[in-house]
Amino acid sequence: MRRVNRDQRTRINLTLNGRAVSADTEPRMLLSDFLRHALGATGTHVGCEHGVCGCCTVLIDGTAGRSCLTLAVQVEGRAVRTVESLASADGKLNALQQAFQNNHALQCGFCTPGILMSFTDYLAKNPKPSEAEICEVLSGHLCRCTGYAGIVAAIKEATGSK
Amino acid sequence: MKPRPFDYVCPDNVDEAVALLAAHGDAARVLAGGQSLMAILNFRLAEPEMLIDVSRLAELDTIREGDGKIEVGASVTQNKFLAWPALATKLPLLAKMLPFVGHFQTRNRGTVCGSIAHADPSSELPLALAMLGGEVVLRSKKGTRVLAAKDFQLDMLTTARESEELITAVRFPVQSEKQVAFREVARRHGDFAIIAIAVVVEEKNKFRLGVGGMTGRPTVRQFNATGDAAIRDAAVALGVELEGLEDMHASAAMRRDLLRNLAPVVVNEALQCAA
């Protein structure tokens, strides 16, 4: 039985974007804060902190989830992927990111990392989604620039249905 | 916001989880997918002394069939259940309702049992459990207790679970009826339903209608009615009886209107399914 008391800091070991990393945390620290503050992976954005906006979506063992509704202590031994993993080392955007740029799907860009990670998971499972399916997955995100049309167009381009 | 400090415990098996609940009772909360609980903690609407994380318990991560029932363990996520190959044939109503539970991203982590444990009045899974006459399996140091859906959810966010009990599974009876339909009205797909309506056709002119979002817990009624007018009349009577919740999203009158207008639509959709 693993137990971490409230005032105790414990070392968490995980794989972040393919690299083994570790940092200390107290039990109440959210994964979103752990990524940003303890591991310096600030690509993941924090919006609402109650699971509604989807900005903080990351992949945990390959599936998209809200990092604000996950505790850092829960990812011990897991593989976490964030938006930093998408572009190649030389800065070249991947196909999904490039499609977002092509279709002006970022606008202010705050919600983009979460949307990219959601579709990284979803398109791996369903590479040729219909527009309705794209919209349903997108319903798990809020873009306050209200630019959903560009986002849908970008995903259609990335999946070759445009 | 951030949660208040708490002790985090990750038991290795159900016995350890149950022992922790026996020792800490109300001061502890069980964490599975966290899609409701973590939001509540972040808002500081709950301030437990301890979180007992059951999300990694392999013995609870199973979908099993036996005695004409499908048993879903407490760490089975909503998306795992949605992807269960036999879902559409064994539980056609759930196949229709599960895609409305939260969003793709929250269903990846949110559990079937967790949603039922949370007992939100507008949630789809408690309504499905009530519609299908399912049951909840509760374990404590004293033993195992099985409660029917109607005896489990008592009111808004209130269930008959005792503080030392762990919900280990829920069971849905395999459905013989194939004509089913579900609709809900929400601000956006995946949000809390203002009203949710499920219909199962039992035999000709006889159907079961379930409503979520009208009162603190799901309501299920059997009707003998044919034709839109008769169904609408039955829905009006049900609306008057239930009165309807009043909140920032909809007045009670709007909920009654939605029930009256949607009930015939959902019944007709069910009747159009192949028997």
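In the text below, chain A, chain B and the rest are named by the order of the sequence lines, each starting its count at 1.
For Leu20(B), the part lying under 4.5 angstrom from a heavy atom of chain A is the side chain only. No part of Val46(A) comes within reach of chain B, as not one of its non-hydrogen atoms sits under 4.5 angstrom from that chain. For Phe6(B), the parts lying near chain A are the backbone and the side chain together; criterion is any non-hydrogen pair under 4.5 Å. Neither the backbone nor the side chain of Leu37(B) comes within contact range of chain A; no heavy atoms are under 4.5 Å apart. In this structure, chain A has no heavy atom under 4.5 Å from any part of Ile40(B).
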Hey, can you dump all donor-acceptor pairs under 3.5 Å between chain A and chain B, distances included?
{"from": "Met1(A)", "atom 1": "N", "to": "Asp12(B)", "atom 2": "OD2", "distance (Å)": "2.6"}
{"from": "Arg2(A)", "atom 1": "N", "to": "Cys10(B)", "atom 2": "O", "distance (Å)": "3.2"}
{"from": "Arg2(A)", "atom 1": "O", "to": "Cys10(B)", "atom 2": "N", "distance (Å)": "2.7"}
{"from": "Arg3(A)", "atom 1": "NH2", "to": "Asp7(B)", "atom 2": "OD2", "distance (Å)": "3.3"}
{"from": "Val4(A)", "atom 1": "N", "to": "Tyr8(B)", "atom 2": "O", "distance (Å)": "2.8"}
{"from": "Val4(A)", "atom 1": "O", "to": "Tyr8(B)", "atom 2": "N", "distance (Å)": "2.8"}
{"from": "Arg6(A)", "atom 1": "N", "to": "Asp7(B)", "atom 2": "OD1", "distance (Å)": "2.7"}
{"from": "Arg6(A)", "atom 1": "NE", "to": "Asp7(B)", "atom 2": "OD1", "distance (Å)": "3.1"}
{"from": "Arg6(A)", "atom 1": "NH1", "to": "Glu49(B)", "atom 2": "OE1", "distance (Å)": "3.0"}
{"from": "Arg6(A)", "atom 1": "NH2", "to": "Asp7(B)", "atom 2": "OD2", "distance (Å)": "3.4"}
{"from": "Arg6(A)", "atom 1": "NH2", "to": "Glu49(B)", "atom 2": "O", "distance (Å)": "3.1"}
{"from": "Arg6(A)", "atom 1": "NH2", "to": "Glu49(B)", "atom 2": "OE1", "distance (Å)": "3.1"}
{"from": "Arg28(A)", "atom 1": "NH1", "to": "Pro3(B)", "atom 2": "O", "distance (Å)": "2.8"}
{"from": "Asp33(A)", "atom 1": "OD1", "to": "Lys2(B)", "atom 2": "NZ", "distance (Å)": "3.3"}
{"from": "Asp33(A)", "atom 1": "OD2", "to": "Lys2(B)", "atom 2": "NZ", "distance (Å)": "2.8"}
{"from": "Glu49(A)", "atom 1": "O", "to": "Asn42(B)", "atom 2": "ND2", "distance (Å)": "2.9"}
{"from": "Glu49(A)", "atom 1": "OE1", "to": "Met1(B)", "atom 2": "N", "distance (Å)": "2.9"}
{"from": "Glu49(A)", "atom 1": "OE2", "to": "Lys2(B)", "atom 2": "NZ", "distance (Å)": "2.4"}
{"from": "Val52(A)", "atom 1": "O", "to": "Arg188(B)", "atom 2": "NH2", "distance (Å)": "3.1"}
{"from": "Ala64(A)", "atom 1": "O", "to": "Asn108(B)", "atom 2": "ND2", "distance (Å)": "2.8"}
{"from": "Cys68(A)", "atom 1": "O", "to": "Asn42(B)", "atom 2": "ND2", "distance (Å)": "3.1"}
{"from": "Thr70(A)", "atom 1": "OG1", "to": "Arg109(B)", "atom 2": "NE", "distance (Å)": "3.3"}
{"from": "Gln74(A)", "atom 1": "O", "to": "Arg56(B)", "atom 2": "NH2", "distance (Å)": "2.8"}
{"from": "Gln74(A)", "atom 1": "NE2", "to": "Asp53(B)", "atom 2": "OD2", "distance (Å)": "3.2"}
{"from": "Glu76(A)", "atom 1": "O", "to": "Arg56(B)", "atom 2": "NH1", "distance (Å)": "3.3"}
{"from": "Glu76(A)", "atom 1": "O", "to": "Arg56(B)", "atom 2": "NH2", "distance (Å)": "2.7"}
{"from": "Ser118(A)", "atom 1": "OG", "to": "Gln105(B)", "atom 2": "NE2", "distance (Å)": "2.8"}
{"from": "Asp121(A)", "atom 1": "OD2", "to": "Asn108(B)", "atom 2": "ND2", "distance (Å)": "3.1"}
{"from": "Glu136(A)", "atom 1": "OE2", "to": "His189(B)", "atom 2": "NE2", "distance (Å)": "3.4"}
{"from": "Val137(A)", "atom 1": "O", "to": "Gln105(B)", "atom 2": "NE2", "distance (Å)": "3.0"}
{"from": "Ser139(A)", "atom 1": "O", "to": "His103(B)", "atom 2": "ND1", "distance (Å)": "3.2"}
{"from": "Ser139(A)", "atom 1": "O", "to": "Arg188(B)", "atom 2": "NH1", "distance (Å)": "2.9"}
{"from": "Ser139(A)", "atom 1": "OG", "to": "His103(B)", "atom 2": "ND1", "distance (Å)": "3.1"}
{"from": "Ser139(A)", "atom 1": "OG", "to": "His189(B)", "atom 2": "O", "distance (Å)": "3.4"}
{"from": "His141(A)", "atom 1": "NE2", "to": "Gln105(B)", "atom 2": "NE2", "distance (Å)": "3.1"}

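Considering only heavy-atom pairs separated by less than 4.5 Å from chain A, the leading option among Pro5(B), Gly102(B), Ala39(B) is Pro5(B). When Pro3(B), Gly190(B), Pro99(B) are compared by the number of non-hydrogen pairs under 4.5 Å with chain A, Pro3(B) comes out ahead. Most heavy-atom pairs under 4.5 Å with chain B: of the set Val52(A), Ile60(A), Val73(A), this distinction falls to Val73(A).
A 6.0 Å sphere centred on CZ of Phe192(B) holds no more than 12 heavy atoms belonging to other residues, nucleotides or ligands.
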